[in-house]
2 protein chains.
Amino acid sequence: MSTSTQLDRASLQAADATDPLASFRDRFSLPEGVIYLDGNSLGPLPIGAAERAAEVINNQWAHGLIRSWNTAGWFDLPTRLGDTLSKLIGGNDGETVVTDTTSLNLFKALASAVRIQQQDAPTRRVILTERDNFPTDIYIAEGISDFLNSVNAETGTHYEIRLIDEDLSLERALDDSVAVVSLSHVNYRTGAMWDMEAVTAAAHKSGALIVWDLAHAAGAVPVDLNGANADYAVGCTYKYLNGGPGSPAFIWVNSRHQGRFWQPLTGWWSHASPFEMEESYTAANDVRRFLCGTQPITSMAMIECGLDVALDADIETVRAKSLSLADLFIALVRQRCGGFGLELVTPENHAERGSHVSFRHPEGYAIIQALTDRGVIGDYREPEVLRFGLTPLYLSFTDIWDAVEILRDVLEARDWDVPAYRTRHAVT
Amino acid sequence: MSTSTQLDRASLQAADATDPLASFRDRFSLPEGVIYLDGNSLGPLPIGAAERAAEVINNQWAHGLIRSWNTAGWFDLPTRLGDTLSKLIGGNDGETVVTDTTSLNLFKALASAVRIQQQDAPTRRVILTERDNFPTDIYIAEGISDFLNSVNAETGTHYEIRLIDEDLSLERALDDSVAVVSLSHVNYRTGAMWDMEAVTAAAHKSGALIVWDLAHAAGAVPVDLNGANADYAVGCTYKYLNGGPGSPAFIWVNSRHQGRFWQPLTGWWSHASPFEMEESYTAANDVRRFLCGTQPITSMAMIECGLDVALDADIETVRAKSLSLADLFIALVRQRCGGFGLELVTPENHAERGSHVSFRHPEGYAIIQALTDRGVIGDYREPEVLRFGLTPLYLSFTDIWDAVEILRDVLEARDWDVPAYRTRHAVT
């Protein structure tokens, strides 16, 4: 489908008719009258997930009770789901676990990388990330740094955070003080995507380790962690993987670090023999070293339903449709919503973007609210950014057409009565 | 009910008939033919919890999608559930959040206490716990200590763990090097209970802070954290609070530390303005400082159902019945199972025990398996310990009689074909 000429809805219906992913829409429960452009924040309910939860609750919990830790396979969920998820990110069996939250897993990965550098290159005490990273990625690095520095308040050997921004390129930032680089593969706000292989190589060449946050990448774009020779990765299961609200996150570690990596959240689930009740800690000699405590089974079990859908879809086909949807969205906004001040902040180059498209507008918050009221659900991110997730498994080309028509209606009407900016602290 | 004379089932039926908590059994879904003596490991399903999960999944998630973070109150779940749970542990509003796991919350509490001592008494570098504590409580302390010591591998200012055991009393262990005391209110294996008020006072007198692990106490025994003037507490919602498998844990902090305490898992949920997307960390000025990342909503929402039941029961009435059930259980085992080598490891003094009773037996693992096969579900804990949770909300006095009769049958039959000891690593 060309986006260089004037588009119309009929041509998009034709594109939908030949869409190889069209049937995946039936794998999700989506409300009538909604065009959901926020699957990169919370993916929709996969068909079967409610039944999976009911099975966990009414049979495994109510009837099996404590026995279900063994008989229903609850103990193995973190590694079993991890092995399944690993296939979507270029990982091998035994390299991924599903557990805890993305923030916590990032803490584990960064702390582990710092620890390896304490042994291999103790003068490296910089955690390098970027100013535009998702805030928790910066905050967690600060948490590690502050905690380690608290021991040495008076001495000069301090950990520090260095931020890549428009004044400091990755290349210039990578010097011999950098212990670990922490980047999001796809930026949460702009959709900009790093070249994982090239950046990983640059980090390694400089002597740093690298942690990739795949929150906005896993399930959305092809990811090949082993192909890129990455060190660690973390990510989210409730966005493009449709695991459910707040479903536990994942963490991946390259096999070459197995047996060596260490992280300080040394709960009993990471022990070599958790049920021996030993009185001192011995780390498991595998990826379970990234576990800590008991996981929320009901929320966790539903993840498998989302992963099943993702694994049934060819990721290259998903990527091709994602790019087509985004190209269409950008072209339609230009054609149909020109003159309303929407400024594209997502790179147009295919190699440099993920699966969402963002525009900046001074009244962005009000526009997103008005869109939501008319059934087009996008997302707003400070400052002034309207963010639209383009998820190929349940969006059609005509959905994009219809969404942009409604966006134009909203921009033409300008009849919102909410403030243009979100009120500080009020998440509404 | 006296337990000093010969007991019979009829007298226990009479006791059940006047049990003020008898009606609470109808608040739970329990399988037919099972006497569940493991509610201190995983509590049963409260009536209504399955419907609550279905509402979260089929309405809030499937229909509300991302909007439910606001419209369904997902954002407020950690603090709202925390305020509810606070009532059960002698906490005030704004002192408790429900989030993450007990192990992770223990990390936060210990790290926070260590940080305060770094400022107030920097020579205090000992984390004092007990050899018989639940292993994760020791392992987490080791994780903190190892992480901090990794900065100063060559210098002498090291953190260390000190263990109370039969050779080292709490009193002798409490010296001016102790930064923080970390104890379980009720021991997971023996059921032994510390005097929270006296031990807290002793810790404070020595200049240490104290963290209480309430995993086997919350919902089981009266707990008054503010009355005892404790500093921190953590605990579990899936045992006596019946929140569901792996439901998120809680953490409490005394108001006097609010605004000062700090913990290194500084994810965006602990930020003063999480949705402002600020590029550096500013901690929330309240208990939300103990939050980190996005929580598993389906598992979390069900916690409220268990808390509702717990709050409807008067804890002093619960405690009285718990002690009666345990006294009965101990008396019946002596009367009906004498000569089979069961050794009571739980203190008989009421003030010194929680709500479970444990016996040691060389073939403990096989006995627990045989009991489970006959519908009496207890638990086994290394080494050789048979552990029985006595939960007043859904157990009757005749349940205890029937359980002990089956225990006697098992001990008389001795027909098990499983190994007497659990095979190392095989959790079966």
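Worth knowing before you read on, the calculation uses all heavy atoms, side chains too, and leaves out hydrogens, waters and symmetry mates. Letters A, B, ... are given to chains in the order of the sequence lines, protein chains preceding strands, and every chain is numbered from 1. Note that the structure is predicted; figures quoted are calculated from it, not measured.
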Output the option from [options] having the highest count of non-hydrogen pairs under 4.5 Å with chain A.
options: B/Ala54, B/Ala50, B/Ala62; result: B/Ala62
options: B/Leu163, B/Asp146, B/Ile138; result: B/Asp146
options: B/Ala249, B/Ala141, B/Cys292, B/Ser270; result: B/Cys292
options: B/Met300, B/Met302, B/Arg131; result: B/Arg131
options: B/Ile66, B/Ile57, B/Thr298; result: B/Ile66
options: B/Thr294, B/Leu65, B/Val56, B/Ile377; result: B/Leu65

Looking at [atom1] of [X] and [atom2] of [Y], how far apart are the two atoms once the value is rounded to the nearest 0.5 Å?
X: B/Leu42; Y: B/Asn40; atom1: CG; atom2: CG; result: 10.0 Å
X: B/Asp165; Y: B/Asn133; atom1: CG; atom2: CG; result: 12.5 Å
X: A/Leu148; Y: B/Asn149; atom1: CG; atom2: CG; result: 11.0 Å
X: A/Asp137; Y: A/Ile161; atom1: CG; atom2: CD1; result: 11.5 Å

| query | What pair of heavy atoms forms the shortest contact from B/Leu265 to B/Gln263, and how long is it? | reply | N-OE1, 2.6 Å
| field | Non-hydrogen atoms of B/Gln117 and B/Ala179 that approach each other most closely | value |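 What the structure gives for the nearest pair is NE2-O, 2.8 Å.
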| message | We want to know whether A/Thr237 and A/Ser247 form a side-chain donor-acceptor pair, criterion being a heavy-atom distance below 3.5 angstrom. | response | yes
| said: Is it the case that the side chains of B/Asp100 and B/Gln295 hold a donor-acceptor pair, with the cut-off being a distance below 3.5 Å and no angle test? | reply: yes
Under 4.5 Å, counting heavy-atom pairs only, tell me which of [options] racks up the most with chain B.
options: A/Ile144, A/Thr101, A/Thr372, A/Thr282; value: A/Thr101
options: A/Pro383, A/Gly143, A/Pro245; value: A/Pro245
options: A/Tyr188, A/Trp74, A/Trp262, A/Tyr238; value: A/Trp262
options: A/Phe28, A/Trp61, A/Trp268; value: A/Trp61
options: A/Gly293, A/Gly267, A/Pro296, A/Ser103; value: A/Pro296
options: A/Tyr281, A/Trp69, A/Phe134, A/Phe147; value: A/Phe147

| Residue part contacting chain B, namely of A/Asn242, when any heavy atom lies under 4.5 Å | backbone
| A/Ser29 portion near chain B, given a 4.5 angstrom heavy-atom threshold | both
| query | Among A/Leu37, A/Val34, A/Asp38, which one satisfies side-chain contact (heavy atoms from CB on, under 4.5 Å) with A/Val376? | reply |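 Result for side-chain contact (heavy atoms from CB on, under 4.5 Å) with A/Val376: A/Leu37.
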| task | With a 4.5 angstrom heavy-atom cut-off, could you sort out which part of B/Glu279 is near chain A: side chain, backbone, both or neither? | result |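 For B/Glu279, backbone and side chain are both near chain A.
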| task | Would you please indicate yes or no on a ring centroid separation below 6.0 angstrom for A/Tyr139 and B/Trp269? | result | no
